[in-house]
Amino acid sequence: MEILVDWKKIEKEEDFYNMFLPQVKAPEWHGRNLDALADSVVTGDINSIEPPYTIHSINTGTAPEHMAEFQLKVLAIFNEGVAENRGIKIVSE
């Protein structure tokens, strides 16, 4: 399974969730915050699509400056999922 996060298309946090959550088939009640993201990516058993999957994080250098801190936090959550041996791979471009 391949999941695409194109930071060039993300102007605000809501854009990220609108891009990511449908790809993992998150339930409607899934929170749109970093804690909920960590719960679903690191802990699991929330989304219909669970690892193993590869997250393609592309255009990371093109995210707006006001999104830099959010981007770092999201990437840290993804990396935590990798560290927890959840079957997640990250490809950054």
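From a predicted model like this one, the values you see are computed outputs, not experimental measurements.
- Residues I88 and I46 fall into different hydrophobic clusters, defined by Ile, Leu, Val, Met, Phe, Trp and Tyr side chains chained together at heavy-atom separations under 4.5 Å.
- To the nearest 0.5 Å, atom CZ of residue F78 and atom OG of residue S92 are 9.5 Å apart.
- L4 and Y17 are assigned to two separate hydrophobic clusters, defined by single-linkage of ILVMFWY side chains at heavy-atom distances under 4.5 Å.
- The shortest side-chain heavy-atom distance between L37 and F20 falls under the 4.5 Å cut-off.
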- Task: With side chain to side chain contact (heavy atoms under 4.5 Å, CB included) as the test, would you mind laying out the steps for L75 and S57 before giving the verdict?
- Result: CA-CA 9 Å; L75 295 176; S57 180; 3.5 Å; yes
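- Residues N47 and P27 share a closest heavy-atom pair of OD1-CD, 3.7 Å.
- Here L72 contributes atom CG and I77 contributes atom CD1; the two are 11.5 Å apart, rounded to the nearest 0.5 Å.
- There is no path of hydrophobic side-chain contacts, each under 4.5 Å, that joins V91 to V5.
- Checked against side chain to side chain donor-acceptor pair (under 3.5 Å), K73 has the following partners two or more places apart in sequence or in another chain: E69.
- To the nearest 0.5 Å, the span separating CD on E13 from CG on N33 amounts to 9.0 Å.
- Looking at every heavy atom in both residues, Q71 comes nearest to T60 through NE2-O, 2.9 Å.
- Here the CD1 atom belonging to I10 is positioned 6.5 Å from the CE atom belonging to M67, to the nearest 0.5 angstrom.
- The distance from the CD atom of E2 to the NZ atom of K89 is 9.5 Å, given to the nearest 0.5 Å.
- Checked by atom type and distance alone, the side chain of H66 pairs as donor or acceptor with a backbone atom of E11 at under 3.5 Å.
- The CZ atom of R86 sits 10.5 Å away from the CD atom of E80 when rounded to the nearest 0.5 Å.
- Under the 30°/60° scheme for interplanar angles, the aromatic rings of W7 and F16 are found to lie parallel.
- Put simply, the side chain of E50 never gets that close to the backbone of G44: no donor and acceptor are under 3.5 Å apart.
- Transitive grouping of hydrophobic side chains (ILVMFWY, heavy atoms separated by less than 4.5 Å) keeps I58 and V82 in distinct clusters.
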- Pair N18-R32, side chain to side chain contact (heavy atoms under 4.5 Å, CB included): steps then yes or no: CA-CA 9 Å; N18 288 342; R32 290 174 171 260; 2.8 Å; yes
